[in-house]
Amino acid sequence: MRVGSGLALAIASITLAGQAAAAQDPLARYRQASRVLVLSAPDADDRRLAEQRAAVEAARAGFGERDLVVVEAVGDGESAAVIRRQLRLPADAFRAVLVGKDGGAKITAAEPIPALRLFSTIDAMPMRRDEMRRQR
């Protein structure tokens, strides 16, 4: 009985530690697996946010091909605030940030980033070039 209780406690501790780490670095789960386009806006009605969402939707196939996911930090919630702090983004203005698989910001823009610019930036990255070579 004691062994089972200890195991349950250990699993609970690991789970809580994982949740705390995710709260401190919400983009960590994507590192080495996906590139991330972070969209930050003061509210959901932001014009530039709507434009970037439309550009993402129009280029959805290219996003999948490049392991590119979208994470939004919209409004004044805690998760949005954590992402903004991590990337040093203002809370009162739109920003789009391309984050590489290594976790580093590759592009930060105050206006929507066209899909062509995202894709050309990603396709020039050494990791992406390796991926394209392996896909041939």
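Note that this is a predicted model, so its numbers are computed, not measured.
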- prompt: Does Leu39 share a hydrophobic cluster with Leu98, counting links as ILVMFWY side-chain heavy atoms below 4.5 Å and allowing steps through other members?
  reply: yes
task: Kindly work out whether a path of hydrophobic side-chain contacts (I/L/V/M/F/W/Y, heavy atoms less than 4.5 Å apart) joins Phe94 to Leu87.
output: no
message: Between Pro42 and Asp46, is there a side-chain heavy-atom distance shorter than 4.5 Å?
response: yes
field: Of all pairs that satisfy side chain to side chain donor-acceptor pair (under 3.5 Å), the ones with a partner from residues 103-114, not counting sequence neighbours
entry: Asp102-Lys106
query: Nearest heavy-atom pair of Arg53 and Val74: which atoms, and what distance?
result: NH2-CG2, 4.5 Å
message: Regarding Glu51 and Arg48, does a basic nitrogen lie under 4.0 Å from an acidic carboxylate oxygen?
response: no
statement: Heavy-atom closest pair (Arg117 atom, Ile107 atom, distance to 0.1 Å) is NH2-CG2, 3.5 Å
- request: Measure across Val70 and Val56 and return the closest heavy-atom pair with its distance rounded to 0.1 Å.
  value: CG2-CG1, 3.8 Å
query: Any side-chain donor-acceptor pair under 3.5 Å between Arg84 and Ser40?
result: yes
- prompt: Between Leu68 and Val36, is a side-chain contact (heavy atoms from CB on, under 4.5 Å) present by the stated rule, with each step listed?
  reply: CA-CA 5 Å; Leu68 181 56; Val36 182; 5.6 Å; no
Atom pair CE/CG of Met125 and Asp130 - distance to nearest 0.5 Å: 13.0 Å
Where Pro26 and Gln86 come nearest, the two heavy atoms and their spacing: CD-OE1, 3.4 Å
- prompt: Does some side-chain heavy atom of Glu72 sit less than 4.5 Å from a side-chain heavy atom of Val38?
  reply: no
Arg129 and Asp123 ion-paired at < 4.0 Å: no
- prompt: Do Ile83 and Ile113 sit in the same hydrophobic cluster, where Ile, Leu, Val, Met, Phe, Trp and Tyr count as joined when their side-chain heavy atoms come under 4.5 Å apart?
  reply: no
task: In plain terms, say whether Glu131 and Arg35 are close enough for a salt bridge, that is, a side-chain N and a carboxylate O under 4.0 Å apart.
output: yes
message: Hydrophobic clustering (ILVMFWY, side-chain heavy atoms < 4.5 Å, transitive) - are Leu49 and Phe63 grouped together?
response: yes
message: How close do Arg31 and Lys101 get, counting heavy atoms only, and between which atoms?
response: CG-O, 3.3 Å
message: Taking Arg128 first and then Asp67, would you say they form a salt bridge - that is, a charged N and a carboxylate O separated by under 4.0 Å?
response: no
query: So with a 6.0 Å cut-off around CZ of Arg60, is the heavy-atom count from everything else above 12?
result: yes
task: Could you walk me through whether Val99 and Val71 pass the side-chain contact (heavy atoms from CB on, under 4.5 Å) test, one step at a time?
output: CA-CA 10 Å; Val99 178; Val71 172; over 6 Å; no
task: Quick one: closest heavy-atom pair of Gln52 and Pro112, and the distance?
output: OE1-CA, 3.0 Å
